[in-house]
Structures are given as C-alpha cells and as structure tokens.
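Heavy-atom basis, side chains included; hydrogens, waters and symmetry copies ignored.
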Amino acid sequence: MNPGADVIQIIDEHFPKMSKGHKAIANYIKEHYDEAVFLTAAKIGQGLGISESTVVRFASSLGYKGFPEFQAALADWVKNKLNTVQKVSAKYGRSTQSEILSSVLRGDIEKIQDTLGDIDPDAFEDAVDMILAAENVYVVGLRSCEPLADFLCFYLNMIRGNVNLIRTTSVSETFEQMIRVSSKDCVIGISFPRYSMRTLKVMEFARDRNARIISITDNQYSPMCMYSSCHLFARSDMVSIVDSLVAPLSVINALVVALCLKAPDEVKNNLEALESTWSNYQVYLSDEINFIDDEPMLDYSLHKDLMGDKK
C-alpha cells in the first residue's frame, strides 16, 4: 500500500487486478462514499448481494488490517473532501482577486507542463491513426468531463463523418446508443477522478465488441486503462472546489490539430461544405469571418513545416 496515497487512490491503483466482486465494492464506495462511510461490512455486502466476508477481504486486499481500519481511512478521506471549501478559504481567504487569478493560472500551467512530460508520443500518434481509420467514432465523457466530450465531438464532426456523442443518464441508454459498435469502430472515453461508472461500462462494452478504444484520463492507475489499448494521460488535480480541465483540453486540442494536418484535403472539403450550407440557409450573417479562406484550423507553423507554404 502506498503510504502517501488516500483511500480512493489506493482503490484506483488496485482496481485493474480486482475480482468482479471486489470491483463492485470499489465502484459502490466511490459512487456512494458518503453513505458507505457509515455502513458495516455486512450492510455493504447485503446491498451488493455479496457476502460480508468478501467485503472484509476487499479491505484486506488494499493493505488494511481489517474493515474497521479501511472505514477509518474512508472517513478521513470524506472529512477532507467535505472540508475542501474551508481549505480553499484558508488558502485564498486573504488574497486579492488578481492574486487568486495568478495562482490558479500558474497551477494550470504546471499541469500542462507535467502533461507534456508524461504523455506518450507513440500513443498520441496511434490515437490519431485509430480515429481516422475507424468506420464510426463514439465519444463519451460524463459529469465534469461532458464539456470535453462535446468539444472533441464538435471538431471531429468537422474533420470526418460518423461521429457519435454518447449522451446518457443510465447504463441502459448507453447500450442503446452503442448497439452497433464493432471492431471497425473507435471509442474515445474521457474520465478523471472520481471516475464515472457509466463511462467505464461504455469502455467495457466496447472492449467486448472488439472496438479500438482510446482513453483520456489522469494516470496509469486509472481504471479506464483496463479497457483501452491507447492511453493519453493529462493532469487534472483538484485546484479549488472544481477540477482543472485545462491539460485534458490541451491534449484534445492537439488531437484535433494533428487530425487536421493528417487529412487536410478531407478537412477542407468538409469545412467548405459546411460553409456552403451555412450560406444557403443563412445561418451566419455577412459580417462573420470567412474562416474557410483564412483556414485557421490549418494555420499552424507545424502545418507549414509538414505541408509546405501555399503559393
């Protein structure tokens, strides 16, 4: 057991090697920690339809001497979780607004720098190739990750066809939207602590259908990695009372740019078709910027190096 890790980090580190019963306990605790902290091992087992001894063994498998020690660690984590607002107040209480701005932005810069050092360039290239080669692309990101999934899906639709954003409030709705997923398809899952059980179910379903799977998550201990063949890691630590999504968004931005440069003709044709449609149906007024002529999506210095300057 990592002595510096909290109980949720320890669960995440052990998750890939857990049995089915232990994974059910882990997911329950992560999704319902505020209730689990008050329940006995017998009550947790009863709610999940498993034995009390399985719950006790779960605690022992994480390195705790028994369930009471595990529950005490969970109580400490919950206490710290609930005190986040107080901690933020203590850290920033006497700071000016400009000091808060500078502190948060510096923190985001550090996360991008850490992400740049941790991300695997080969995995990034594989992700680009998988997205372009797929017959259909499915994107899923729930809760705080939903804006990331929306952003990625929006630009993927400009780059290629057959892109599907999974929107769901239940696992059954997920399966209904993915019923035709196959080995010819690519599924992109986005999740950061606390990991979404519904997103993990999407990944599991896609893996069972032999789809190519890309995960955008925080580290190698993420349960997302158990289902994906291509992992893109980005830092997303708790800065205040919200998760920072700057580094994950930067990774997604890089994916979009790389995809544009890899298939420039297809991107240009798609954007021209969109511009024609917008013009025909008067979606935008005449004072909007004509981005097809300016080609801002392709206007990167890297594009000049790879494609050559246009004459």
Between Y155 and L255, does the side-chain contact (heavy atoms from CB on, under 4.5 Å) criterion hold? Intermediate values first, please. CA-CA 10 Å; Y155 282 104; L255 269 179; over 6 Å; no

Answer yes or no: is there a side-chain heavy-atom contact under 4.5 Å between T40 and E52? no

So do I44 and F67 actually touch side chain to side chain, heavy atoms under 4.5 Å? yes

side-chain contact (heavy atoms from CB on, under 4.5 Å) with Y138: which of N164, N162, I188? N164

Taking the side chain as every heavy atom from C-beta outward, state whether N253 and F151 have any pair of such atoms under 4.5 Å apart. yes

F38-F58 co-clustered via ILVMFWY side chain contacts under 4.5 Å: yes

In terms of relative ring orientation, are H32 and Y28 parallel, tilted or perpendicular, with 30° and 60° separating the classes? tilted

Among the clusters formed by ILVMFWY side chains lying less than 4.5 Å apart, do F233 and F192 turn up in the same one? no

Shortest non-hydrogen separation from A149 to V140 and the atoms involved: CB-C, 4.2 Å

To check you understand the geometry: which heavy-atom pair defines the closest contact between V128 and A258, and what is its length? CG2-CB, 3.8 Å

Heavy-atom nearest pair, G189 first then M203, reads CA-SD, 3.8 Å

Can you tell me if N219 uses its side chain to pair, donor with acceptor, with the backbone of S222 under 3.5 Å? yes

Would you indicate whether the side-chain heavy atoms of E204 and D208 approach each other to under 4.5 Å? yes

Can D12 and K30 be counted as an ion pair, charged N to O under 4.0 angstrom? yes

Between the OG atom in S61 and the CD1 atom in I10, the distance rounded to the nearest 0.5 Å is 10.5 Å

Non-hydrogen side-chain atoms of L48 and V55 separated by less than 4.5 Å: no

So, taking the atom named CD in Q177 and the one named CZ in F205, what distance separates them when rounded to the nearest 0.5 Å? 11.5 Å

Any side-chain heavy atom of D108 within less than 4.5 Å of one from K111? yes

If I compare all heavy atoms of A211 with all of V181, which pair ends up nearest, and what's the gap? CB-CG2, 4.0 Å

According to a hydrophobic-cluster definition based on side-chain heavy atoms being under 4.5 Å apart (Ile, Leu, Val, Met, Phe, Trp, Tyr only), do I190 and F154 belong together? yes

Hey, is the main chain of C225 close enough, under 3.5 Å, to the side chain of S215 for a donor-acceptor pair? no

Any side-chain heavy-atom pair of R209 and I179 under 4.5 Å: yes

Taking every non-hydrogen atom, the tightest pair across V163 and C153: CG1-SG, 3.5 Å

Path from F124 to I159 over hydrophobic side-chain contacts below 4.5 Å: yes

Same cluster or not: are Y33 and M18 linked, directly or through other Ile, Leu, Val, Met, Phe, Trp or Tyr residues, by side-chain heavy atoms under 4.5 angstrom apart? yes

Y221, OH: over 12 other non-hydrogen atoms inside 6.0 angstrom: no

Distance check, rounded to the nearest 0.5 Å: S196 atom OG versus M224 atom CE? 8.5 Å

Drop me the distance from M158's CE to C260's SG, to the nearest 0.5 angstrom. 9.5 Å

Would the distance check show the side chain of Q9 and the main-chain N or O of D6 forming a donor-acceptor pair, the cut-off being under 3.5 Å? yes

From S191 OG over to L142 CG, what is the distance, rounded to the nearest 0.5 angstrom? 7.5 Å

Drop me the distance from Q220's CD to D120's CG, to the nearest 0.5 angstrom. 11.5 Å

Before you tell me yes or no, could you show the steps for D185 and M178 under side-chain contact (heavy atoms from CB on, under 4.5 Å), namely the whole-Å CA-CA distance, both residues' side-chain angles and the distance that decides it to 0.1 Å? CA-CA 11 Å; D185 301 327; M178 298 184 63; over 6 Å; no

Go through the steps to decide whether Y64 and V7 satisfy the test side-chain contact (heavy atoms from CB on, under 4.5 Å), and finish with yes or no. CA-CA 10 Å; Y64 296 100; V7 65; 3.6 Å; yes

Please find the pair of heavy atoms, one from I50 and one from G21, that lie closest to each other, and give the distance. CD1-O, 4.2 Å

With salt bridge (Lys or Arg N to Asp or Glu O under 4.0 Å) as the rule and sequence neighbours excluded, what pairs involving residues 138-162 come up? E31-R143, E146-R167, D150-R167

R57 and H22: CA distance, side-chain angles, deciding distance, side-chain contact (heavy atoms from CB on, under 4.5 Å) verdict: CA-CA 9 Å; R57 285 195 298 271; H22 284 190; 4.1 Å; yes

Measure the shortest side-chain to side-chain distance between I131 and I214 over non-hydrogen atoms and say whether it is less than 4.5 angstrom. yes

